[in-house]
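These notes are about the structure you will find just below.
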Protein chains: 2
Amino acid sequence: MQLGRHISGQFNVELESIRTHVLTMGGLVEQQLSYAMQAVNKQDIDLARKVVRDDHKVNAMEVSIDEACTRIIAKRQPAAKDLRLIMAIIKTITDLERIGDVATKMAYVAIESPSSKETQFQVSLEPLCRSAVAMLHKVLDAFARMDVEAAAEVYKLDDKLDKEYEAVIRQLMTYMMEDPKNIPHILQVMWSARAIERVGDRCQNICEYIIYFVKGKDVRHLGEQSIDDALR
Amino acid sequence: MQLGRHISGQFNVELESIRTHVLTMGGLVEQQLSYAMQAVNKQDIDLARKVVRDDHKVNAMEVSIDEACTRIIAKRQPAAKDLRLIMAIIKTITDLERIGDVATKMAYVAIESPSSKETQFQVSLEPLCRSAVAMLHKVLDAFARMDVEAAAEVYKLDDKLDKEYEAVIRQLMTYMMEDPKNIPHILQVMWSARAIERVGDRCQNICEYIIYFVKGKDVRHLGEQSIDDALR
């Protein structure tokens with residue numbers, strides 16, 4: 001009995017430590033995305049280089065958290081909610097790592113094709129990027145508290161991001177048509193916009209994992225209604 | 001002892017069944033991608049609609065395999081290589097599902113913006129798509145046999161796919177500049193091309209999981225050299 005409690009106490013410490021690592025990784029990814037946005041908007045090549053340089057930290061965290069999850073499964077044989085937490089974590093870090101890649105890609109765009117005076121135009125990715133960073137911040141917050149209501153709220157924010165994205169693309173398309181010589185540069189901006197829009201989808205994935213952990217229901221691919229149903 | 005053997009025998013049956021489901025899912029995804037390519041190239045709206053209609057099958061398989069993996073972990077408490085196999089499967093099906101999404105997106109392009117005579121131009125995505133389908137086929141084959149040498153070979157094919165993709169993009173960009181009124185349609189084709197290029201990255205991920213399972217080494221984010229090292 002004593003031993004059982006001891007093992008279970010130790011187990012909780014280990015689980016808690018993994019969860020903390022996920023939040024640290026999330027914080028780093030959020031910072032990377034935020035820096036990448038600044039680098040693009042302010043043409044700050046040094047900051048862009050820092051984002052590229054730090055990408056390996058995000059990658060290393062993904063690998064080490066994955067390893068910790070596998071180790072805890074093998075050693076502690078978790079079941080039910082503990083196991084769901086580990087599964088949710090394994091999936092969450094994949095999405096976080098990919099959001100980290102988006103930051104790196106944006107940083108490369110800032111480094112490789114700085115907009116010269118001739119190619120500058122009046123579409124800023126800043127509002128779109130701000131929305132994506134805010135969505136990531138909120139989903140990490142929901143993850144930290146394992147708050148399903150908050151997760152469901154964040155899930156719905158993606159609609160707004162999609163609309164912002166579409167508006168940006170329409171505007172960029174107009175610029176392309178008006179002045180075809182800008183096409184190569186505008187395409188770079190479009191790729192970035194699309195990558196940012198994908199951040200929203202990845203945040204939605206994390207919302208689904210939170211609901212899976214708390215409610216034990218897999219709501220992937222089922223849309224908003226199934227999330228509302230799961231919360232009822 | 002007898003019981004032990006019985007349990008282990010039953011466990012192997014369950015693991016084998018999950019593995020078979022992954023291969024079935026892989027086969028379905030390969031078919032979806034292949035049909036989507038045909039739908040785009042032959043302007044076959046009916047086939048495109050079939051791809052869209054069947055996407056839910058891919059999604060359902062992802063969810064059910066994930067569930068089976070969680071169940072087997074809770075019930076059988078696998079360790080070492082068995083656990084690595086389950087981890088590899090959990091990650092593989094995420095990538096397969098996303099490749100399925102690529103097929104669906106291409107199908108939507110075929111449905112929503114069929115190239116009319118005026119917007120037709122001479123860039124076909126067929127060779128690029130064929131390369132992607134071939135890469136997926138080979139990685140599924142490597143997965144079926146858990147063949148690390150084959151996985152390492154497939155991994156290297158992505159370079160070729162990237163080069164084909166870049167050539168397609170360059171050509172499409174030229175068309176955009178020559179005739180800006182085609183820009184909206186050409187952009188659709190570009191998004192498809194980019195999605196197909198990403199299929200290669202996802203196949204590379206699956207190669208990494210195969211190596212992780214067989215060799216017990218996580219080679220993600222480390223590049224080709226680390227794969228060669230792991231195989232030595």
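This structure is a prediction, so every number in the text was calculated from the model and none was measured.
Contact of E178(B) with chain A is not made at all, since no heavy-atom distance falls under 4.5 Å. The part of L187(A) that comes within reach of chain B is its side chain, from C-beta onward, which places non-hydrogen atoms under 4.5 angstrom from that chain. For I169(B), the part sitting under 4.5 Å from any heavy atom of chain A is the side chain, from C-beta outward, and nothing else. Contacts of N205(B) with chain A are made by side-chain atoms alone, with heavy-atom separations under 4.5 Å and no backbone atom involved. Of the two parts of D95(A), only the side chain, counted from C-beta on, holds a non-hydrogen atom closer than 4.5 Å to a non-hydrogen atom of chain B. Proximity to chain A (any heavy atom under 4.5 Å) is shown, for D82(B), by neither the backbone nor the side chain. Proximity to chain A is limited to the side chain of D218(B), based on heavy atoms less than 4.5 angstrom apart. Only the side chain of M87(A) comes within contact range of chain B, with heavy atoms under 4.5 Å apart.
Ranked by heavy-atom pairs under 4.5 Å with chain B, the list H56(A), K91(A), E67(A) is led by K91(A). Residue with the most contacts toward chain B among L222(A), D55(A), I183(A): I183(A) (heavy-atom pairs, distance under 4.5 Å). Among M190(A), E97(A), M173(A), R220(A), the residue making the largest number of heavy-atom pairs under 4.5 Å with chain B is R220(A). Interface remark: of the candidates I73(A), T94(A), I86(A), I73(A) forms the most heavy-atom pairs closer than 4.5 Å to chain B.
Note on E14(B) versus R71(B): no salt bridge recorded, every NZ/NE/NH1/NH2 to OD/OE distance being 4.0 Å or above. We find that K156(B) and D228(B) are joined by a salt bridge, their nearest charged nitrogen and carboxylate oxygen being less than 4.0 Å apart.
A cation-pi arrangement is present between K81(B) and F213(B) under the rule of less than 6.0 angstrom and at most 45 degrees off the ring axis. Judged by a 6.0 Å distance limit and a 45° cone about the ring axis, K50(B) is not positioned over the six-membered ring of Y35(B).
In the model, Y212(A) has no side-chain atom that pairs as donor or acceptor with a side-chain atom of R84(A) under 3.5 Å. A donor atom on one side chain and an acceptor atom on the other are not found under 3.5 Å apart for H221(A) and E208(A).
I206(A) pairs in a side-chain contact (heavy atoms from CB on, under 4.5 Å) with only one of the listed residues (I211(A), I93(A), L96(A)), which is L96(A).
Minimum heavy-atom separation, I111(A) to A48(A): CG1-CB, 3.6 Å.
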